[in-house]
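Residue numbering restarts at 1 for every chain, and letters A, B, ... go by the order of the sequence lines. Please read these numbers as outputs of a predicted model, since none were measured by experiment.
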There are 2 protein chains.
Amino acid sequence: MATMNDVARAAGVSTSTVSYVLSGKRTISADTRNQVLAAIEKLGYSPHAGARALASNRSNVLGLVVPLRDDVNVSVVMQFVAAVVTTARNFEQDVLLLTQDDIGGIERVTSQSVVDGLVMMDIEARDPRIPLLAKMRKPAVLIGVPDDAHGLSCVDFDFAAASRVSVRHLVELGHRRIALIGSPQASLERHATYADRVRSGFEEACRNAGAHFASRACEPTSSALVEALQELVTGPQAATGLVVHNEFLIPFLRDTLATMGLRVPEDLSIVAIAPTDVALASTVPWTAVSIPAHDIGRTAVEMVMERMHSEKPTEVRLIVPTLVERGTTVAVTSESKDGRVH
Amino acid sequence: MATMNDVARAAGVSTSTVSYVLSGKRTISADTRNQVLAAIEKLGYSPHAGARALASNRSNVLGLVVPLRDDVNVSVVMQFVAAVVTTARNFEQDVLLLTQDDIGGIERVTSQSVVDGLVMMDIEARDPRIPLLAKMRKPAVLIGVPDDAHGLSCVDFDFAAASRVSVRHLVELGHRRIALIGSPQASLERHATYADRVRSGFEEACRNAGAHFASRACEPTSSALVEALQELVTGPQAATGLVVHNEFLIPFLRDTLATMGLRVPEDLSIVAIAPTDVALASTVPWTAVSIPAHDIGRTAVEMVMERMHSEKPTEVRLIVPTLVERGTTVAVTSESKDGRVH
DNA sequence: CTGTTAGCGCCTTCAC
DNA sequence: GTGAAGGCGCTAACAG
């Protein structure tokens with residue numbers, strides 16, 4: 001393989017000139033620049049990443065820690081991953097994949113300078129990895145906000161606000177009994193930050209509005225969904241408004257309700273909290289608060305990059321939710337309250 | 001950060017001794033070894049990946065090219081990814097993520113020695129990237145077998161054989177009209193190798209057995225599934241045996257058939273070609289030929305590693321399918337042939 | 001605008 | 001069994 005020296009010799013210049021042509025860190029006359037580029041072309045030269053990393057103390061690689069649990073929706077994870085990779089490439093960074101269960105992986109890539117920075121997905125409220133991150137030399141950004149974000153930068157969708165917006169929308173339509181179907185039990189139990197925040201936001205908003213409310217987790221199966229719906233939206237205490245935060249279930253929701261004899265929105269108004277494509281995937285789209293996976297991933301990378309060179313203070317950035325009406329919610333009428341077949 | 005030199009000084013030995021303690025490439029007396037290890041511990045030393053890469057010409061990173069198309073099932077992709085990452089760690093390798101649409105990504109990481117080798121998923125029959133791979137200096141293994149595998153190593157599930165096994169199973173049960181529901185149209189059109197091979201294997205096996213057959217692609221929606229089923233398994237020419245190779249549809253299959261008034265296996269015998277967890281996911285599991293995503297991913301990494309140091313000849317390894325009966329197929333009876341309500 | 005040169009931190013051959 | 005020293009290829013002062 002040709003080295004920078006070979007190129008310099010072929011172009012009749014010094015190594016540093018070649019280096020500067022490549023990095024653009026100082027101005028080079030068009031003439032010599034062309035000489036160099038020609039030589040590079042001719043020799044098929046390309047720089048050695050290891051050598052560059054050693055000399056510059058930068059690897060141009062970002063670490064990305066992804067969850068491969070079965071209570072997370074892989075298609076959502078993939079959206080984040082795609083956003084992170086794409087954005088990283090805009091910063092000339094590659095992405096190294098680390099899995100949650102690779103204990104010590106973070107420590108390893110970080111202390112050996114395999115990566116210049118880290119993005120971590122699927123943070124838990126009291127995440128055990130947080131102490132590790134604190135004593136790292138490399139910038140890290142969490143996707144999700146842990147209870148103690150001290151000394152760490154985080155970015156997340158404002159899930160609590162998403163719940164509040166959803167509830168407020170239903171309340172404005174006159175709904176007074178509102179239910180939430182949330183993430184699978186496992187997500188709640190390990191206190192995935194999104195699961196916690198959706199629920200607390202929901203309960204808070206309902207209390208403020210003086211609405212009756214009920215909420216429960218739901219596993220990603222048809223039967224669990226049926227059970228949850230029966231509990232929440234049938235019977236004398238049935239909710240007339242429903243918030244669903246569970247990507248697994250959305251695709252099954254309409255058919256399942258139809259089977260139970262419930263029409264949307266006549267019998268039940270529904271707001272989904274889900275990635276845009278999930279909300280739009282069914283034949284009839286859902287009124288939804290979109291989880292902007294792409295924005296979150298992009299922001300995470302941007303925040304890491306901002307902190308790579310300069311000492312920027314830590315910050316927590318929450319992405320503001322927007323509710324888009326698509327016709328699955330409607331104002332309460334006396335009919336919708338009482339005319340339903342139970 | 002502490003360097004190897006610091007460690008050497010602290011331990012009262014030379015740098016090379018420290019290096020050898022770490023690499024184990026020559027024997028060191030227990031005494032000095034312990035000195036060194038103690039010093040490493042005390043200084044919190046860890047080697048610099050870049051320096052190591054420069055000196056050893058090995059980065060200890062594997063590149064993994066993943067598809068993020070929407071006609072691939074992300075959960076299946078994730079299974080591959082998980083297998084690759086896990087296996088790579090067993091070889092002390094990290095995994096760098098490249099996306100299919102990052103044109104030039106392969107070239108870049110490969111020529112700059114960012115990675116020591118490559119694994120590529122989701123190969124097409126006449127994959128445009130193959131010429132690139134041929135002139136790479138680093139070993140590469142494809143998951144999937146292109147038309148012209150010349151000079152390349154590949155590993156894949158034997159999808160053609162999977163089809164044949166499925167058809168043979170149905171034929172042995174007396175089925176003479178057999179249908180195939182395959183991947184989404186997009187996968188077929190771009191000639192994803194798995195899609196092509198499933199179909200050709202299916203048609204070949206049916207011809208050999210003298211069975212009537214029909215096959216079609218199917219999009220991942222309920223309505224497409226209904227349409228496909230109506231075409232294939234209702235009417236006077238209705239198939240009595242069905243092979244389904246489409247991870248998206250499996251979860252909907254039983255309910256959809258029930259809606260159409262078809263019972264499994266009384267009215268219709270079904271074999272799925274799908275990852276084990278998909279075949280088992282529904283309440284009643286499917287008779288299936290399992291796609292061993294984990295084995296494929298593991299094998300791919302093993303093959304790359306084998307070719308990293310020594311010149312091993314290229315090879316194509318196909319993983320042999322096994323059909324597991326789980327009760328969704330049954331012998332044809334006159335009743336099942338004729339007694340059905342159309 | 002360009003060249004010279006001293007490292008970056010580790011590996012490995014050679015000498016003892 | 002251990003040490004000394006050159007080099008891996010590139011970067012970034014420093015010196016013109």
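- For the side chain to side chain donor-acceptor pair (under 3.5 Å) criterion with A:Gln79, the lone passing option out of A:Thr276, A:Asn73, A:Asp277 is A:Asp277.
- With A:Thr314 contributing its side chain and A:Gly151 its backbone, the two residues share no donor-acceptor pair below 3.5 Å.
- When the local axes at the two ends of the helix from C:dC1-D:dG16 to C:dC16-D:dG1 are compared, using 5 base pairs at each end, they differ in direction by 30° after rounding to 10°.
- Per the geometry, CD1 belonging to B:Ile40 stands 14 Å off C1' belonging to C:dG9, to the nearest Å.
- As a whole-Å value, the separation of B:Asn34 CG from D:dG1 P is 15 Å.
- Atom CG in A:Leu54 sits roughly 17 Å away from atom P in D:dG7 (whole-Å rounding).
- Remark: side-chain polar atoms of B:Asp196 are not paired, donor with acceptor, to backbone N or O of B:Thr193 under 3.5 angstrom.
- Contacts of B:Val18 with the nucleic acid, taken as non-hydrogen atoms under 4.0 Å apart, are absent.
- Rounded to whole Å, the distance from CG on A:Asn57 to P on C:dG9 is 7 Å.
- For B:Arg307 (side chain) and B:Glu311 (main-chain N/O), no donor-acceptor pair under 3.5 Å exists by modelled atom type.
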Next on the checklist: Does the protein touch nucleotides 10-16 of chain C at the base, only the backbone, or not at all? Give it as B, S and - per nucleotide, heavy atoms under 4.0 Å.
Outcome noted: BSBBB--

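- The heavy-atom pair separating A:Asn60 from A:Asp116 by the smallest distance is N-OD2, 2.7 Å.
- Candidate nucleotides C:dC1, C:dG3, D:dG3 were compared by shortest atom distance to the side chain of B:Val13, and D:dG3 ranks first.
- Between the side chains of B:Ser113 and B:Lys138, at least one donor N or O sits under 3.5 Å from an acceptor N or O.
- Checking A:Ser14 against A:Thr17 by side-chain atom types alone, a donor-acceptor pair falls below 3.5 Å.
- In the model, B:Thr299 has no side-chain atom that pairs as donor or acceptor with a side-chain atom of B:Arg317 under 3.5 Å.
- Between the C1' atom of D:dA4 and the CZ atom of B:Arg9 lies a distance of 15 Å, rounded to the nearest Å.
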